[in-house]
Amino acid sequence: MIKRGFFWLGLLALPLAATAADIRVGVVPQFESQRMARIWLPILDQLGASTGNRFQLIAAQSIPDFEHAFKRGEYDLAYLNPWHAVMAHQAQGYRPLIRDGARSLKGILVVHVDSGITDLAQLNNTEIAFPAPNALGASLLMRAELARLHGLSITPRYVDTHSSVYFNVALRATAAGGGVMRTLREQPDALQKRLRVLYETREVPPHPVVAHPRLDVDLIDAIRSALLAMNEDPAKAQLLANVPIKRAVQVSMDEYLILKDWGLDEFQVDE
């Protein structure tokens, strides 16, 4: 029987299993650590059963901590945003295995429903809330498009989470805020009713699962095959849908390198 590995929270190992794992898996901290564990540990159990290996979920305290870790090559596998995939490829040679083939990723810019803001030009020289500098759709791509495509000069306020962005806008603490449609729809109805989507960015392929090149090629193929096979079993497919990956498909690095042509390097913040 495959035994589940420890779930690491920063430097603290929570005894959710009997033994340490062999393959270290990092997940971009979109949610609190316990929620990520509920989503990812069952998936890693399935990968263990399919490949005969043990997998260890590593929880980063913040997005900057997560970025430092994959730049140092601390993860064997990672689930990260598309620009992180480019950063990880440049730093360590990580290669994407699968992504969600049922959707794309784009950023949204929200304003208060009663703000009277109907045109992006009205946001010039204002303060806009973002979750973190390198959150792709909600921040990096949004800031790049506002500057490069629309000529806006704005002051970013980084507030750590998507929920904090929406609260800042709802309370009129900032003129607008960056997010993504999925996280907006997860907010309480009362909060959503106080917000209006003003602008959407271009679409990009969604978050991939990437592998470090130190993993054996046959193991990488086995992990990819196991993830793709989860599409065929409704119960296992639901585990991926919780990520959310509604339909796992194979992916190449070329799908993400196009982001370099969009000038995102200029807006990346190294913390």
Side-chain angles (χ1 to χ4, degrees), residues 28-32 35 60-68 71 80-87 104-204 206-207 259-271:
V28 62
Q30 297 172 302
F31 313 115
E32 71 277 7
R35 180 177 176 184
Q61 300 280 8
S62 66
I63 290 177
D65 287 344
F66 176 73
E67 292 173 356
H68 292 317
K71 286 180 182 178
L80 32 59
N81 78 40
W83 184 247
H84 282 157
V86 175
M87 294 168 63
S104 58
L105 174 67
K106 60 184 176 182
I108 61 172
L109 193 68
V110 299
V111 295
H112 194 284
V113 67
D114 296 327
S115 67
I117 298 173
T118 57
D119 189 273
L120 285 176
Q122 294 172 265
L123 294 174
N124 198 38
N125 297 317
T126 63
E127 188 174 52
I128 296 180
F130 301 100
N134 299 330
L136 179 65
S139 179
L140 187 62
L141 182 56
M142 182 64 70
R143 289 183 291 113
E145 290 201 5
L146 293 180
R148 295 171 67 93
L149 300 185
H150 302 282
L152 297 190
S153 176
I154 59 101
T155 300
R157 178 193 291 186
Y158 300 115
V159 296
D160 295 330
T161 67
H162 287 233
S163 295
S164 293
V165 167
Y166 302 134
F167 276 113
N168 268 268
V169 178
L171 296 172
R172 302 181 189 267
T174 58
V180 296
M181 193 61 72
R182 177 180 57 81
T183 59
L184 177 61
R185 289 171 175 164
E186 290 177 348
Q187 305 307 309
D189 288 342
L191 178 57
Q192 291 190 51
K193 289 177 180 177
R194 298 175 71 177
L195 303 173
R196 172 168 47 86
V197 176
L198 176 68
Y199 177 75
E200 298 181 352
T201 68
R202 289 168 286 183
E203 295 184 350
V204 298
H207 295 43
L259 295 176
K260 291 176 62 65
D261 297 332
W262 292 0
L264 299 193
D265 304 71
E266 178 184 346
F267 297 88
Q268 178 182 318
V269 176
D270 294 320
E271 298 182 84

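No side-chain donor from either of Asp65 and His68 sits under 3.5 Å from a side-chain acceptor of the other.
In this structure, the side chains of Leu140 and Pro133 stay at 4.5 Å or more apart for every pair of heavy atoms. Two residues are said to be in side-chain contact when any heavy atoms from C-beta on lie closer than 4.5 Å; Leu149 and Arg202 meet this criterion. The shortest distance between side-chain heavy atoms of Pro82 and Leu105 falls below 4.5 Å. For the pair Thr118/Gln122, a side-chain contact is recorded, criterion being any heavy-atom separation below 4.5 Å from C-beta on. For the pair His207/Val28, a side-chain contact is recorded, criterion being any heavy-atom separation below 4.5 Å from C-beta on. Residues Thr126 and Ile128 form a side-chain contact, since some pair of their non-hydrogen atoms from C-beta on lies under 4.5 Å apart. Side-chain contact check for Val269 versus Asn134: some heavy-atom pair is nearer than 4.5 Å. At a threshold of 4.5 Å between non-hydrogen side-chain atoms, the residues Val86 and Lys260 count as touching.
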Worked check of side chain to side chain contact (heavy atoms under 4.5 Å, CB included) between Leu198 and Leu123: CA-CA 11 Å; Leu198 176 68; Leu123 294 174; 3.8 Å; yes
Residue pair Leu184, Tyr166: steps toward the side chain to side chain contact (heavy atoms under 4.5 Å, CB included) verdict: CA-CA 8 Å; Leu184 177 61; Tyr166 302 134; 3.8 Å; yes
Trp83 vs Val204, side chain to side chain contact (heavy atoms under 4.5 Å, CB included): CA-CA, chis, key distance, verdict: CA-CA 10 Å; Trp83 184 247; Val204 298; over 6 Å; no
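How far CG of Leu146 is from CZ of Phe267: 9.0 Å, rounded to the nearest 0.5 Å. Here the straight-line distance linking atom CG of Asp265 with atom CE of Met87 works out to 9.5 Å at 0.5 Å rounding. For the atom pair OH of Tyr199 and CE of Met142, the computed distance is 6.5 Å after rounding to the nearest 0.5 Å. Rounding to the nearest 0.5 Å gives a distance of 5.0 Å between OG1 of Thr174 and CG of Asn168. Distance check: Lys106 NZ to Leu136 CG gives 14.0 Å after rounding to the nearest 0.5 Å. Rounding to the nearest 0.5 Å gives a distance of 10.5 Å between CG of Leu109 and CZ of Arg196.
With respect to Leu141, the side chain to side chain contact (heavy atoms under 4.5 Å, CB included) criterion is satisfied by exactly one of Asn81, Leu259, Thr201: Thr201. Each of Met181, Arg182, Gln187 was checked for a side chain to side chain contact (heavy atoms under 4.5 Å, CB included) with Arg185, and the lone residue meeting it is Met181.
Geometrically, Arg148 does not engage Trp262 in a cation-pi contact defined by less than 6.0 Å to the ring centre and at most 45° from the axis.
Residues Glu67 and Lys71 are not paired through a salt bridge, judged by the lack of any N-O separation under 4.0 Å between the basic side chain and the carboxylate. Checked for salt-bridge contact, Glu186 and Arg35 meet the test: a charged N lies under 4.0 Å from a carboxylate O.
Remark: Thr155 engages no residue in a side-chain hydrogen bond (donor to acceptor under 3.5 Å, both in side chains) (not counting sequence neighbours).
Nearest heavy atom pair, residue Gly151 against residue Asn124, reads O-OD1, 4.2 Å. Closest of all the heavy-atom pairs between Ala132 and Ser139 is O-OG, 2.8 Å. Nearest approach of Ala170 to Leu191, heavy atoms of both residues: CB-CD1, 3.4 Å.
Classification of the Phe130-Tyr158 ring pair by plane angle, with boundaries at 30° and 60°, yields tilted.
Listed for the His150 side chain is no donor-acceptor partner under 3.5 Å among the backbone atoms of Leu152.
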